[in-house]
Amino acid sequence: MNILYFALIREHIGKSSETIDLPSGINTVGGVIDYLEGQGDNYQIAFAQPDLIRAAVNDEYVGLDHAVSDADELAFFPPMTGG
Amino acid sequence: MNILYFALIREHIGKSSETIDLPSGINTVGGVIDYLEGQGDNYQIAFAQPDLIRAAVNDEYVGLDHAVSDADELAFFPPMTGG
Amino acid sequence: MKISVQSDDFDISEEIKQLTDGRTDIGAVASFVGLVRDIHGVKKINKLTLEHFPAMAKKELNKIANQAMDRWQVEDLTIIHRYGEMLPGDQIVLVITTSHHREAAFTAAQFIMDWLKTDAPFWKKEETEDGTHWVAAKTDDDEKKERWK
Amino acid sequence: MKISVQSDDFDISEEIKQLTDGRTDIGAVASFVGLVRDIHGVKKINKLTLEHFPAMAKKELNKIANQAMDRWQVEDLTIIHRYGEMLPGDQIVLVITTSHHREAAFTAAQFIMDWLKTDAPFWKKEETEDGTHWVAAKTDDDEKKERWK
């Protein structure tokens, strides 16, 4: 699945996007976070504060329990500060 | 005293200002209206609807019981419709 | 603070620039432009004439502006009210408020507009296909003003 | 309806003209311009960078705009949100709402600004004398959004 990172999360992880193969058994946004946190310190730091993580699947805001599959585009970012 | 008329009141009375000598005993805005109503049909028509009359003395909004003297400038106009 | 009662038209970009040029502490600029509408109720309007009481108009606009500055954290503001003859689509009134924060800017601009409607000594006369008539004051404008008390 | 996510600056007069030209039925134009402030808390800001999520930004702005059109009697509206590097005093965001009546125009503009703050996928990074940092979301922005529910 294609994953996008923005702002502080992008900086912590060190890239703005990547494509991963979803391991079997991982089928929610929260599951993807748990999986990524196992991939290195940069991910652990990026996802360290759950209340500062927002997610979108295919350009729609979703919660951590939202279902995902390899065909989805997932995005992670901090709370928005536009306007 | 100098009296100014605006908008519909000006049109009914037929002039935008006039100077009158306040008759003795007339010392409020309401008193001036009563006096003017005795001066002709045009004044009676102009002041026919009390709830549609606003007054100012020396550029400040006042009520009908406000005191006036010959040295004041009195203005009569309908409710404002600016903005 | 700029208060102007004028027959000339205005340009909002120019007016905002005058309030913000050389300042970098302003985060929020709220504004309102009132335009002549071509219809009132069911009648088509051809022309609008705004009569005003010059001495009082500027004084009342200043009062309203000062109240807004006192009540909200407004950095600066501009009020321009035109008088004379106007056509549908023409600009009548402009209010701009600047603030550090958007809430104060919005609220002050809305307050000023509500007060202008009832307290600024201007009177509108409409020329319609059926002749001319003075616009009646709206009771809901009085109500809008009341909520600020 | 015009929704634009752009790096270029904008001119409010020009944008209002696009909404009102050729129309004589619009009585009210409310607008808001957000500017870069030179200070945040106690820190002096030298530069602001706005990062955004392009695909989603335009989509969310459209959603917010459509909600405003559905909820209030808004004739038309424009939202412009910039991204990229900006200096104190620069314009960040523009919202214009047109309506027959001022109340609807003001309320819709304020609604849009409140939602933009929390729902538009933009992130501000400030460069101060002490280095750069991402701006934290404000809880009072969430509260401002909540009141519209």
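Below, read A as the first sequence line, B as the second, and so on, with proteins coming before strands; counting in each chain starts at 1.
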key: Step-by-step side chain to side chain contact (heavy atoms under 4.5 Å, CB included) determination, D:Val5 to D:Leu61   = CA-CA 9 Å; D:Val5 178; D:Leu61 262 47; 3.8 Å; yes

task = Flag the pair D:Leu35 / C:Val29 as yes when at least one side-chain heavy-atom distance between them is below 4.5 Å, and no otherwise.
result = yes

request  = Can you tell which part of C:Val36 gets under 4.5 Å to a heavy atom of chain D, answering side chain, backbone, both or neither?
outcome  = backbone

message = Show, in sequence, the C-alpha distance, side-chain angles and deciding distance for C:Leu116 and C:Ile64, and conclude whether the side chain to side chain contact (heavy atoms under 4.5 Å, CB included) test is met.
response = CA-CA 8 Å; C:Leu116 279 187; C:Ile64 294 166; 4.0 Å; yes

request  = Not counting sequence neighbours, which residues clear side chain to side chain contact (heavy atoms under 4.5 Å, CB included) with C:Ala55? List them please.
outcome  = B:Asp59, C:Phe53

ask   = Does the gap between the ring centers of D:Phe106 and C:Phe106 come in under 6.0 Å?
value = no

Considering distance alone, list the donor-acceptor pairs between chain C and chain D shorter than 3.5 Å.
| from | atom 1 | to | atom 2 | distance (Å) |
| --- | --- | --- | --- | --- |
| C:Asp11 | OD1 | D:Ser13 | OG | 2.8 |
| C:Asp11 | OD2 | D:Ser13 | OG | 3.4 |
| C:Ser13 | N | D:Ser13 | OG | 3.0 |
| C:Ser13 | OG | D:Asp11 | OD1 | 2.8 |
| C:Ser13 | OG | D:Asp11 | OD2 | 3.4 |
| C:Ser13 | OG | D:Ser13 | N | 3.0 |
| C:Ser13 | OG | D:Ser13 | OG | 2.9 |
| C:Thr24 | O | D:Asp38 | N | 2.7 |
| C:Thr24 | OG1 | D:Asp38 | OD2 | 2.6 |
| C:Asp25 | O | D:Arg37 | NE | 3.2 |
| C:Gly27 | O | D:Leu35 | N | 2.9 |
| C:Val29 | N | D:Val33 | O | 2.9 |
| C:Val29 | O | D:Val33 | N | 2.8 |
| C:Ser31 | N | D:Ser31 | O | 2.9 |
| C:Ser31 | O | D:Ser31 | N | 2.9 |
| C:Ser31 | OG | D:Ser31 | OG | 2.5 |
| C:Val33 | N | D:Val29 | O | 2.8 |
| C:Val33 | O | D:Val29 | N | 2.9 |
| C:Leu35 | N | D:Gly27 | O | 2.9 |
| C:Arg37 | NE | D:Asp25 | O | 3.2 |
| C:Asp38 | N | D:Thr24 | O | 2.7 |
| C:Asp38 | OD2 | D:Thr24 | OG1 | 2.7 |
| C:Arg102 | NE | D:Asp114 | OD1 | 3.1 |
| C:Arg102 | NH1 | D:Asp141 | OD1 | 3.3 |
| C:Arg102 | NH2 | D:Asp114 | OD1 | 2.8 |
| C:Arg102 | NH2 | D:Asp141 | OD1 | 3.3 |
| C:Glu103 | OE1 | D:Arg147 | NH2 | 3.3 |
| C:Glu103 | OE2 | D:Arg147 | NH1 | 3.1 |
| C:Asp114 | OD1 | D:Arg102 | NE | 3.1 |
| C:Asp114 | OD1 | D:Arg102 | NH2 | 2.8 |
| C:Asp141 | OD1 | D:Arg102 | NH1 | 3.2 |
| C:Asp141 | OD1 | D:Arg102 | NH2 | 3.3 |
| C:Arg147 | NH1 | D:Glu103 | OE2 | 3.1 |
| C:Arg147 | NH2 | D:Glu103 | OE1 | 3.3 |

key: Heavy-atom pair count under 4.5 Å with chain C, highest-scoring of D:Gly22, D:Pro88, D:Gly27, D:Ala109   = D:Gly27

query = Heavy atoms, side chains only, cut-off 4.5 Å: are D:Val33 and D:Val93 in contact?
reply = no

inquiry  = With a 4.5 angstrom heavy-atom cut-off, is it the side chain or the backbone of C:Ile16 that approaches chain D, or both, or neither?
reply    = side chain

task = For residues D:Leu77 and D:Ile112, determine if any side-chain heavy atom of one lies less than 4.5 Å from a side-chain heavy atom of the other.
result = yes

